[in-house]
K.L.:
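One structure, pasted below without further comment.
If you're wondering where the values come from, they're calculated on a predicted model, not measured in any experiment.
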Amino acid sequence: MAEDSNIILANSDSQTGTIEIAPEVVEVIAGIAASQVDGVYSMRGSLANSLNELFGRKNRGKGVKISRDGENLRAEVYVFLNYGVAVPKVALEIQEKVKQQLLFMTGLKLSSVDVYVQGVVPEKQTAAVDPDDLFAEENGEKK
């Protein structure tokens, strides 16, 4: 039995029935599309998402919220970006990629895609001290 929250896809031939898609499926599609953009470190998740990942269950829809207001369909995307990327450029690319993938895979047109940058993740720093040789010389001087 279909829920009232399902999204009905446009169908030109009403004799064959209707096609409904769960909002969670749309969130998964948008989440995968957004995470594939260069400069995106990860998507924001909840505590439940983190616990599920510990047990080996991936939640691809994390960081995406789909809402419907009448006929308008909106997406909110929450991301962490890599340090050094142009935030407006990456956000615009996320918006375009999410819109394209949803249109391609479901035929749905989003009225808006709002991107919320939750944080910037710095590059991992390499250790300046070699753990195997703690008293190594640096620039000819003893440490």
Side-chain angles (χ1 to χ4, degrees), residues 1-139 143:
M1 184 169 155
E3 294 181 23
D4 292 337
S5 64
N6 286 348
I7 301 165
I8 299 174
L9 299 178
N11 191 0
S12 60
D13 185 11
S14 63
Q15 292 179 346
T16 58
T18 60
I19 301 171
E20 295 185 14
I21 188 167
E24 293 82 14
V25 174
V26 176
E27 289 173 355
V28 168
I29 294 169
I32 292 172
S35 65
Q36 291 177 345
V37 172
D38 286 337
V40 174
Y41 178 79
S42 69
M43 306 293 287
R44 180 194 77 178
S46 64
L47 178 61
N49 295 130
S50 300
L51 289 175
N52 280 336
E53 284 186 13
L54 283 175
F55 293 112
R57 292 183 226 130
K58 281 274 189 190
N59 183 2
R60 296 275 187 188
K62 73 177 183 179
V64 178
K65 182 181 175 204
I66 298 294
S67 59
R68 194 170 47 174
D69 182 24
E71 293 298 314
N72 293 333
L73 195 61
R74 297 182 49 201
E76 295 177 359
V77 181
Y78 299 88
V79 295
F80 288 93
L81 298 181
N82 291 323
Y83 179 79
V85 299
V87 175
K89 180 182 175 190
V90 173
L92 184 61
E93 194 173 338
I94 290 170
Q95 289 174 325
E96 291 300 318
K97 185 117 179 183
V98 168
K99 282 184 178 183
Q100 286 175 355
Q101 285 299 314
L102 280 176
L103 183 62
F104 174 72
M105 294 183 73
T106 64
L108 293 172
K109 291 184 181 179
L110 294 172
S111 62
S112 68
V113 177
D114 300 325
V115 178
Y116 298 95
V117 178
Q118 299 293 297
V120 175
V121 179
E123 292 179 8
K124 199 172 200 178
Q125 298 292 325
T126 57
V129 176
D130 182 12
D132 295 329
D133 191 8
L134 295 175
F135 300 105
E137 292 184 20
E138 184 177 307
N139 297 330
K143 289 187 174 180

K.L.:
Mind checking the CZ-CZ spacing from R44 to F80? Nearest 0.5 Å is all I need.
P.N.:
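Rounded to the nearest 0.5 Å, the CZ-CZ separation comes to 8.0 Å.
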
K.L.:
First locate atom CG of N72, then atom CG of L110, and finally report the distance between them rounded to the nearest 0.5 Å.
P.N.:
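Going from the CG atom of N72 to the CG atom of L110 covers 10.0 Å.
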
K.L.:
What I'd like to find out is whether the side chain of M43 reaches to under 4.5 Å of the side chain of V77, using heavy atoms alone.
P.N.:
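Yes; the side chains approach each other to less than 4.5 Å.
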
K.L.:
If you look at every heavy atom in G39 and V85, which pair is closest and at what distance?
P.N.:
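Looks like CA-CG1, 3.8 Å.
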
K.L.:
Is it the case that the side chain of T106 and the backbone of L103 share a donor-acceptor pair, with hydrogens and angles ignored and the cut-off at 3.5 Å?
P.N.:
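The answer is no, because no donor-acceptor pair under 3.5 Å joins these two groups.
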
K.L.:
Quick one: are V90 and V40 in side-chain contact, heavy atoms under 4.5 Å?
P.N.:
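Answer yes - side chains close enough.
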
K.L.:
Apply side-chain contact (heavy atoms from CB on, under 4.5 Å) to I66 and V64, showing your working.
P.N.:
CA-CA 7 Å; I66 298 294; V64 178; 4.3 Å; yes

K.L.:
Enter the distance from L81:CG to I94:CD1 here, rounded to the nearest 0.5 Å.
P.N.:
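The CD1 atom of I94 is 6.0 Å from CG of L81, to the nearest 0.5 Å.
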
K.L.:
Can you name the closest pair of heavy atoms from K109 and L73 and give their distance?
P.N.:
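The pair with the smallest heavy-atom distance is O-CB, 4.2 Å.
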
K.L.:
Atom OH in Y78, atom CD in Q118: separation rounded to 0.5 Å?
P.N.:
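Result: 7.0 Å between the selected atoms.
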
K.L.:
Would you say the side chain of V120 lies within less than 4.5 Å of the side chain of N82, judging by non-hydrogen atoms?
P.N.:
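When only atoms from C-beta onward are counted, V120 and N82 do not touch, as no gap falls below 4.5 Å.
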
K.L.:
Are side-chain heavy atoms of V79 and V115 found at a separation under 4.5 Å?
P.N.:
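In short, these two side chains touch, coming nearer than 4.5 Å.
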
K.L.:
Could you tell me which non-hydrogen atom of Q101 sits nearest to which non-hydrogen atom of A33, and how far apart they are?
P.N.:
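The pair with the smallest heavy-atom distance is CG-CB, 3.7 Å.
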
K.L.:
Identify, with sequence neighbours excluded, every residue that meets ring pair (Phe, Tyr, Trp, His ring centres under 6.0 Å) alongside Y41.
P.N.:
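Here no residue qualifies.
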
K.L.:
Answer yes when D69 and R74 have at least one side-chain N-carboxylate O distance shorter than 4.0 Å, and no when they do not.
P.N.:
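No, no charged N to carboxylate O under 4.0 Å.
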
K.L.:
Given side chains that start at C-beta, do those of D114 and S112 come closer than 4.5 Å, heavy atoms only?
P.N.:
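With C-beta onward as the side chain, the pair touches.
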
K.L.:
Hey, what do you get for NZ (K65) to CD (E27), rounding to the nearest 0.5 Å?
P.N.:
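These two atoms lie 9.0 Å from each other.
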
K.L.:
Nearest 0.5 Å, what's the CD-CD distance between E93 and Q100?
P.N.:
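It is 9.5 Å, given to the nearest 0.5 Å.
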
